[in-house]
Each structure stands twice: as structure tokens, then as C-alpha cells.
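Proteins get letters first, then strands, A, B, ... in listed order; numbering begins at 1 in each.
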Amino acid sequence: GENVEQHPSTLSVQEGDSAVIKCTYSDSASNYFPWYKQELGKRPQLIIDIRSNVGEKKDQRIAVTLNKTAKHFSLHITETQPEDSAVYFCATSGWGKFQFGAGTQVVVTP
Amino acid sequence: GAVVSQHPSWVICKSGTSVKIECRSLDFQATTMFWYRQFPKQSLMLMATSNEGSKATYEQGVEKDKFLINHASLTLSTLTVTSAHPEDSSFYICSASRAGRDQETQYFGPGTRLLVL
């Protein structure tokens, strides 16, 4: 089965700095890579996604890069703000089912 | 668009009782719905995948007779936790995907927090 590893498990950054979260996967059939943000007790919210025919995608302060050869993809958050504090999950999908990473607790300190 | 609701948002029940959770896609037809379970400070674990009008596909280790899934229409799926026990206490979240350009995207419901006493 598919295995998705996510690092780091926790990330503390100063407001205004950048945060980077990395995920690696094993299933070469994966072709869709979403990132979700989950605040405590709430539903996961899709923040950005990328498909396997694209290497990079950006949406304001958030960007995702994908290296299909190396089977890894990363989430980049620039100019972090306190409201970016949450748990972030990467996921992969190749057959319609998601495999989630373990999550990264991001804390942005003022 | 792409709003998914869940009901109830939380439930407390006695051990041995059954609990039904509803998942609805409010403004789109969901070709597929997914049920996840999330324990505190852990990731989302897929329990089963359901398609309208057909039997659900359960993940390895998930008891189909304990977690009954009914996908009655393109906008409604239900999960029934039968004979619930304290170890079933968890956060249950559904998601739905729709046909079309973004069919891979899953839209999540707000979750149902279950506490079994």
C-alpha cells in the first residue's frame, strides 16, 4: 500500500518568516497531491493542490512544489501570520482514495 | 460551492448502543463519499469508501458489520456505529468528491465527535 511520510511533525516559526513542510510518497501511480489545513476541532480545509503534470503552483503566500522523479512534494508558506497556526496534512491520491501524512503542527509566534 | 454537512456534530452515548451519523453534500452531487476516523493529535484514517447504490469498500482492519455504511443517494451517506464501545470514541469525518474537472478533490464535513461512556 501507499506510504506518505511528512516532516517535520512540529514547526515553530516567527511571524513573518517562512515555513516549509515536506512529504515523500512511495506509490508511483499517485497523481494528485493536496494540502489541507486543520484547526483544532474543525474540518480539514483544502489550501492548495497540485497535479502530477505540474511542478509548482502558487497561491498568494502559499506554494507547493512537486518532484515526481524523487517522489516528494513540499508546502511553502511565506510571510507567516499567527492565523497560519494549525495542523497541516499532505495527501496523495492515485486511485481516488487519499493517503494522508501524519500532519505538521505549525505554531507562528508573534 | 462544494459544501458538506454532517449531523450530529457531537454525540454522547452509552456503551452497547448504536449511533448514526449523516453526511450530506449540500450543493453538489457526490459521486463518492469517504468516511474517516481521527484520534486526538493523529492523522485522518480512511475507514471506507462509498458510492451511491453500491456496497461500501472498507479498509483493512475496519469491521464492516460494526461500521455500517449506507449511501442512499448522490447527496447522502450514513455511517452507523453499532454496539459502540469506549474505544470507538473518536472524531468521525466524512468527505465527498464530485464528478467533473476537480473530481479528485475531497470536500470535508465538519466532523462528528463521538464519546461512548
Open item on the list: Please determine whether salt bridge (charged side-chain N to carboxylate O under 4.0 Å, His left out) holds for the pair B:Arg24 and B:Glu22, giving the CA-CA distance in whole Å, both sets of side-chain angles, and the decisive distance to 0.1 Å.
Closed with: CA-CA 7 Å; B:Arg24 292 181 186 272; B:Glu22 291 187 350; 3.4 Å; yes
Task: chain B contact via A:Phe98 - which portion, at a heavy-atom distance below 4.5 Å - done: both
- [ ] Answer with side chain, backbone, both or neither: which region of B:Glu59 has an atom nearer than 4.5 Å to a non-hydrogen atom of chain A?
- [x] side chain
Open item on the list: My understanding is that only one of A:Gln6, A:Lys22, A:His7 makes a side-chain hydrogen bond (donor to acceptor under 3.5 Å, both in side chains) with A:Thr104; could you say which?
Closed with: A:Gln6
Open item on the list: Taking the cut-offs as 6.0 angstrom to the six-membered ring centre and 45 degrees off its axis, would you call B:Arg113 and B:Phe91 a cation-pi pair?
Closed with: yes
Open item on the list: With no hydrogens and no angle check, just 3.5 Å: does a side-chain donor-acceptor pair link B:Asn51 and B:Thr32?
Closed with: yes
Open item on the list: Classify the ring geometry of B:Phe67 against B:Tyr92: parallel below 30°, tilted from 30° to 60°, perpendicular beyond 60°.
Closed with: tilted
Task: Contacting moiety of B:Thr105, where chain A heavy atoms sit under 4.5 Å - done: both
- [ ] Side chain from CB out, backbone as N, CA, C, O: work out which of these in B:Gln106 comes under 4.5 Å of a heavy atom of chain A, or both, or neither.
- [x] both
- [ ] Name the region of B:Leu46, side chain, backbone, both or neither, that has any atom closer than 4.5 Å to a heavy atom of chain A.
- [x] side chain
Open item on the list: Whether the B:Gln38 and A:Gln38 side chains hold a donor-acceptor pair (N or O, under 3.5 Å, no angle test) is what I'd like checked.
Closed with: yes
Open item on the list: Given heavy-atom pairs under 4.5 angstrom as the criterion, report whether the side chain, backbone, both or neither of B:Thr49 touches chain A.
Closed with: side chain
- [ ] Tell me, for A:Pro34 versus chain B, whether the close heavy atoms (under 4.5 Å) come from the side chain, the backbone, both or neither.
- [x] neither
Task: Structural part of A:Tyr32 lying under 4.5 Å from a heavy atom of chain B - done: side chain
